[in-house]
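Since the structure comes first, as structure tokens, the remarks are kept for the end.
Chain identifiers are assigned alphabetically (A, B, ...) following the order of the sequence lines, protein sequences preceding nucleic acid strands; residue numbering begins at 1 within each chain. Everything numeric in this text was worked out from a predicted model, so none of it was measured.
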Protein chains: 2
Amino acid sequence: MVLPRAAKTQRRTRIQEEKEERILEAALEVFSASGFRGSTIDQIAEVAGMSKPNLLYYFRTKEAMHRALIDRVLDTWLDPLREFNAEGNPVAEIRSYIRRKLEMARDFPRESRLFANEVLQGAPHIEDELKGPLKQLVDEKAEVIRAWAKAGKIANCDPYHLIFAIWSTTQHYADFDVQVRAVLGQEHAGEGRFEDAARFLERLFVDGLQVRE
Amino acid sequence: MVLPRAAKTQRRTRIQEEKEERILEAALEVFSASGFRGSTIDQIAEVAGMSKPNLLYYFRTKEAMHRALIDRVLDTWLDPLREFNAEGNPVAEIRSYIRRKLEMARDFPRESRLFANEVLQGAPHIEDELKGPLKQLVDEKAEVIRAWAKAGKIANCDPYHLIFAIWSTTQHYADFDVQVRAVLGQEHAGEGRFEDAARFLERLFVDGLQVRE
DNA sequence: TGATAATTTGACCGGTTGGTAAACATTACA
DNA sequence: TGTAATGTTTACCAACCGGTCAAATTATCA
């Protein structure tokens with residue numbers, strides 16, 4: 001047999017499982033650092049420690065690799081927003097959403113950059129996901145926020161732009177990491193910037209900048 | 001003579017002026033959409049309406065084009081932060097900084113994406129600019145903000161993270177434009193999103209989300 | 001163990017990419 | 001106007017890139 005490539009014997013081999021895993025891990029490393037066009041199969045092969053034809057045995061094309069990677073990562077990526085709970089205390093919910101997003105920026109920066117690269121370059125490969133599942137999820141959560149505002153539980157604000165603001169401020173620490181490091185300099189070298197950011201953002205979103213007593 | 005390419009006769013020809021302008025405009029279009037590695041000289045040549053060797057007559061390499069473009073754009077890009085005025089009213093200064101940054105996201109999205117692409121991919125070509133001029137400018141303005149906080153004129157917050165928050169929230173509307181459009185959908189199709197964003201962000205930074213009377 | 005299926009590799013292919021060489025065309029200017 | 005400097009183009013090259021192929025190697029299991 002020459003072209004097993006899954007969906008053949010129905011069952012996936014142990015080797016298939018392992019190798020596809022290794023490839024997607026390498027693909028994440030490379031795609032997140034260089035974007036789709038900027039990445040080469042050879043780079044991914046080198047990171048994965050396999051030969052190029054071997055990669056192409058598991059994923060027929062570069063696009064297929066990218067697609068599989070995105071499918072695998074997108075769900076996880078949206079989890080924090082899904083956890084957003086209509087029943088909870090509004091301010092506490094927003095606060096913990098910020099915290100979760102910031103933790104993801106710290107622990108999964110490559111995933112963040114994968115999407116950032118993609119969206120930045122016009123989202124040619126994930127347009128459907130954006131207009132479909134993503135939009136639906138955001139619409140749903142925006143409705144929750146709007147209800148909170150209407151009930152007077154939080155300030156009356158545009159829920160979509162609130163979500164954008166949380167996304168951008170938190171993902172900034174993953175996507176623009178080199179810039180953040182460069183500006184903070186050696187003196188703030190450690191990982192403490194994530195705690196500083198958490199403190200700052202929680203306060204910003206809850207209290208704003210104005211002084212009051 | 002075969003290699004005039006500027007710095008020869010000291011004076012730049014009218015043709016040189018015009019063509020370099022056209023090339024950099026085209027380079028901005030292409031680099032901002034695809035990043036450095038993802039862009040090709042042929043693409044830029046086509047957008048500029050010249051032949052590839054003709055481009056290479058004015059800029060010896062792709063890198064030289066990219067460098068010239070960044071040098072030209074960086075100053076303009078940092079102008080809003082430079083205008084940040086220590087003497088003014090703190091809240092008003094922050095508010096107008098947000099407004100200026102948002103106007104830049106609306107009017108110069110390509111410039112924003114150019115830097116976003118670059119930073120996202122590890123800033124291989126602008127590391128020096130980040131650690132040098134950018135850091136210095138931010139350090140200076142952070143000191144201003146810190147003084148305001150110390151004087152009790154604004155809430156006591158980390159000035160660096162405040163600047164990051166303003167950068168990220170405003171640039172988001174340029175860098176992640178497709179995502180913003182996809183999520184907002186057809187109903188918010190016009191350019192009104194920038195005004196909505198301005199309203200939201202000014203209120204967020206000044207008042208936070210909490211309700212008060 | 002042996003045969004069959006699954007996996008891996010080296011050699012290769014056509015198209016693209018950054019860049020060059022040299023001939024050709026145009027402009028500036030004495 | 002003539003000529004030297006400047007600007008433009010065609011043809012080309014070597015390296016790279018996505019992908020194929022057939023042969024070789026390894027795993028599976030009757």
Side-chain angles (χ1 to χ4, degrees), chain A residues 1-24 26-27 29-31 33-69 121 124-125, chain B residues 1-27 29-31 33-69 117 121 124-125:
Chain A
M1 258 293 173
V2 180
L3 285 176
R5 253 194 275 263
K8 233 281 301 313
T9 37
Q10 303 292 18
R11 280 224 288 154
R12 310 261 296 290
T13 317
R14 173 183 51 84
I15 291 185
Q16 272 175 37
E17 209 95 41
E18 282 175 16
K19 291 297 169 69
E20 286 178 10
E21 174 65 32
R22 259 172 67 189
I23 293 170
L24 290 181
E29 186 71 26
V30 175
F31 282 138
S34 308
F36 183 77
R37 275 217 66 193
S39 303
T40 71
I41 301 183
D42 293 87
Q43 283 171 16
I44 299 172
E46 199 187 326
V47 172
M50 328 187 187
S51 67
K52 179 168 63 168
N54 203 1
L55 288 213
L56 291 164
Y57 172 74
Y58 291 101
F59 298 95
R60 257 189 288 274
T61 65
K62 189 180 162 186
E63 294 241 10
M65 266 168 47
H66 192 254
R67 174 114 300 262
L69 180 60
Q121 306 195 357
H125 304 94
Chain B
M1 260 292 173
V2 181
L3 285 175
R5 253 194 275 263
K8 235 282 301 309
T9 36
Q10 303 292 16
R11 280 224 288 155
R12 310 262 295 291
T13 317
R14 172 184 50 85
I15 292 186
Q16 271 175 38
E17 210 97 40
E18 282 175 17
K19 290 299 169 70
E20 287 178 10
E21 174 66 31
R22 259 172 69 188
I23 293 170
L24 289 181
E25 158 66 25
E29 186 72 25
V30 174
F31 281 137
S34 308
F36 182 77
R37 277 218 64 193
S39 303
T40 71
I41 302 184
D42 294 87
Q43 283 171 19
I44 299 171
E46 199 188 325
V47 172
M50 330 187 188
S51 67
K52 178 169 63 169
N54 202 2
L55 289 214
L56 290 164
Y57 173 75
Y58 291 101
F59 298 94
R60 256 190 288 274
T61 64
K62 189 180 161 186
E63 295 241 11
M65 266 168 47
H66 192 254
R67 173 114 300 264
L69 180 59
N117 262 303
Q121 307 196 355
H125 304 95

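As rounded to whole Å, 15 Å separates atom P of D:dC16 from atom CD1 of B:I41. Here the C1' atom of nucleotide D:dG7 and the CZ atom of B:F59 are 15 Å apart, to the nearest Å. The separation between A:E20 atom CD and C:dA6 atom C1' is 13 Å, rounded to whole Å. Protein atom NZ of B:K19 is 8 Å distant from nucleotide atom C1' of D:dT8, rounded to whole Å. Between the CD atom of B:E18 and the P atom of D:dT6 there is a distance of 17 Å, rounded to whole Å. D:dG18 atom P lies 7 Å from atom CG of A:D42, rounded to whole Å. Straight-line distance from the CD atom of A:E17 to the P atom of C:dA6: 16 Å, rounded to whole Å. Distance B:K62 NZ to D:dA15 P: 18 Å, rounded to the nearest Å.
Side-chain contact between A:Y58 and A:R22 is absent, with no heavy-atom pair separated by less than 4.5 Å. In this structure, B:F31 and B:L69 have side chains that are in contact, with non-hydrogen atoms separated by less than 4.5 Å. Inter-residue side-chain proximity for B:T40 and B:E46 is flagged as unmet; no heavy-atom pair is nearer than 4.5 Å.
Contact between the side-chain N/O atoms of A:Y58 and the OP1/OP2 oxygens of C:dA6 is not found at any separation under 4.0 Å. The side chain of B:S51 places an N or O atom within less than 4.0 Å of a non-bridging phosphate oxygen (OP1 or OP2) of D:dT9. Under 4.0 angstrom from either OP1 or OP2 of C:dT9 there lies at least one side-chain N or O belonging to A:N54.
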For this session: Assess whether side chain to side chain contact (heavy atoms under 4.5 Å, CB included) is satisfied between A:F59 and A:H66, documenting all intermediate values.
Result: CA-CA 9 Å; A:F59 298 95; A:H66 192 254; over 6 Å; no

For this session: For nucleotides 11-16 of chain C, just jot down a letter per nucleotide in 5' to 3' order: B, S or -, based on protein non-hydrogen atoms under 4.0 Å.
Result: ------

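Distances were taken from every side-chain heavy atom of B:Y57 (C-beta onward) to each of C:dG18, D:dG19, D:dT8; the shortest belongs to D:dT8. If you check C:dT8, D:dG19, D:dG7 against the side chain of B:Q16, the one that comes closest is D:dG7.
Closest approach of B:Q121 to A:G35, counting heavy atoms only: NE2-N, 4.0 Å.
Within the 3.5 Å criterion, the main-chain N or O of B:S39 finds a donor-acceptor partner in the side chain of B:K62.
In this structure, A:H125 and A:F36 have tilted ring planes: the angle between them lies in the 30° to 60° band.
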